[in-house]
Chemist: 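Take a look at the following structure, please.
Since we're looking at a predicted model, the values are computed, not measured. Order of the sequence lines fixes the chain letters, A, B, ..., with proteins taken first and strands second; residue numbering starts at 1 for each chain.
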Amino acid sequence: MAEQILTLDNIKFLLIGAGVSLLLAVGAMIMGLILGIIGATAKISKNKIANAISFVYVEVIRGTPMLLQILFLFLGFPNLYTLITGNYISPNPFIVGLIAMGINSGAYATELIRSGIQSVPKGQWEAGRSIGLNNSMTMRYIILPQAFKNILPPLVSEFIVLTKDSSLVSVIGAAELLRRARTLGATYYNYLIPLFCASLMYLVMTMTISYFARKLERRLKLSD
Amino acid sequence: MINIKNLHKKFDSLEVLKGIDMKINEGEIICVIGPSGSGKSTLVRCINGLEQINDGEIWIGDKEISHNKTDVDLLRAKTGFVFQNFNLFPHMTVLKNLTLGPTKVLKKKDDDAIKTAEKFLKTVGLIDKKDSYPSQLSGGQCQRVAIARALCMNPEIILFDEPTSALDPEMVNEVLAVIRDLATQGMTMVIVTHEMGFAKEVASKIIFIDDGVIVEQGSPNEIFENPKNQRTKDFISKII
């Protein structure tokens, strides 16, 4: 049985799925970081409206399942679109999955980055301002680099979670790793081997991320 | 050069500065002394716009700066500030600490900024530490780097907020020596300090603050040898 399933083509088929999963995770992480910086800035700003928007964003996204968010964007949103414009759309599952994951990750990143920013002593702001840097320059050159260093371990955890949770996008038909493993399973009436291979691939991805994160952390420690 | 009129500063309901009037002329070295909690630090922080003032005016040259945000950035670029806790940027090397402001605010080229930075690192005697991180330096060395960082912005005045208070006693002198050096070069400075011997030696004017007002000001001789106000007398006799 194993020889039948583990052909070069099938392994390639799964590896491409692993690539898609990783692409989803990386894309979502980048989107999440951008949203997180915006969200965190809004959360600590003195503007009440910005505070409120950021608060609602984080609470709604963190308070509902990611699976539901993916389904909502893929199935619910087209209904809304039809209701408003009268036209039909059939969204691309990969794109929708990526956006849903990015929005989801942004909520967690907002809280992480906010705590990171607030962990930088107030004197660093003052020192930045005292040499004439304006607010956004101080944020960019002084505060964020220190904030990211402080929150690197939880950010890496978030990235690992994203890599695994990209499997949720399989429910809307994106051909990522888990989806492909199940396809193989259905083809050969054997799920054991494809699912086992998929788990190995997830493990290799997450452990590689951990490895590079540890290296990066050690490099950043130089200034301690 | 700097003219302060009727400066008031409150933290919530606590009024820390209750109407300060003072003038800082070019080349002057003003030492601000007074008991803890008298408002000395708040005063220099207000001059640099680190604290928003509640009432009064701060004039730099012919510009009133305290109520305009863009002018405050401009003001800060022209006035150096040296903190009690140094506040060096821990994620940057000493050299990077010094070149950040000149490259980003003054838009200097990298080579120019590095040249200036190295010049001032020599002035404070730390050129061999240019590639170190702040965590690898002693407190006294950190404060000297902080002074060099302020100098790199080519400031018209440097404000010192208790520059030696966070230092171990054996490191106080190396920092004071650097400030003394600046004094002989004619740098305009306002120094909040508890080092009375030093104040007496370098200051061209002493300002004694108590309870948010300037109680007495004058030459070091007038304040230390011949104080007129009773509160000044009490303070001086307690610390000398």
Chemist: Who in residues 139-158 of chain A is close to chain B, using a strict under-4.5 Å heavy-atom cut-off?
Modeler: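 Within residues 139-158 of chain A, the residues that come under 4.5 Å of chain B (heavy atoms only) are A:Y141, A:I142, A:P145, A:Q146.
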
Chemist: Identify which part of B:N85 has an atom lying under 4.5 Å from any heavy atom of chain A, answering side chain, backbone, both or neither.
Modeler: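 For B:N85, there is no contact with chain A at all, as no heavy atom is under 4.5 Å.
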
Chemist: Identify every side-chain donor-acceptor pair in residues 16-41 of chain A under 3.5 Å, counting partners at least two apart or on other chains, and give the distances.
Modeler:
residue, atom, partner, partner atom, Å
A:S21, OG, A:G17, O, 3.2
A:S21, OG, A:L177, N, 3.2
A:T41, OG1, A:I37, O, 2.5

Chemist: Taking side-chain contact (heavy atoms from CB on, under 4.5 Å) as the definition, give me every residue that meets it alongside B:K10, ordered by chain and number, with sequence neighbours left out.
Modeler: B:E15, B:N54

Chemist: Is the shortest side-chain heavy-atom distance between B:V105 and A:N134 below 4.5 Å?
Modeler: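 Contact flag for B:V105/A:N134 side chains = no.
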
Chemist: Among B:F89, B:F86, B:F83, who wins on heavy-atom pairs under 4.5 Å with chain A?
Modeler: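 It is B:F89.
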
Chemist: Has B:K108 got more than 12 heavy atoms of other residues, nucleotides or ligands less than 6.0 Å from its NZ?
Modeler: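 For B:K108, atom NZ is crowded (more than 12 foreign heavy atoms under 6.0 Å).
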
Chemist: Below 4.5 Å from any heavy atom of chain A, which atoms of B:L88 appear? Answer side chain, backbone, both or neither.
Modeler: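 The answer is the backbone of B:L88.
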
Chemist: Heavy atoms only: give me the nearest B:M153-A:I131 pair and the separation to one decimal.
Modeler: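 Minimum heavy-atom separation between B:M153 and A:I131: CE-O, 3.0 Å.
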
Chemist: Hey, which residues of residues 107-117 of chain A are touching chain B, say heavy atoms under 4.5 Å apart?
Modeler: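 Interface residues of residues 107-117 of chain A: none, nothing closer than 4.5 Å to chain B.
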
Chemist: Using modelled atom types and a 3.5 Å cut-off, is there a donor and acceptor pairing between side-chain atoms of B:N87 and backbone atoms of A:G123?
Modeler: yes

Chemist: Side chain, backbone, both or neither: which part of B:T79 has a non-hydrogen atom closer than 4.5 Å to chain A?
Modeler: backbone

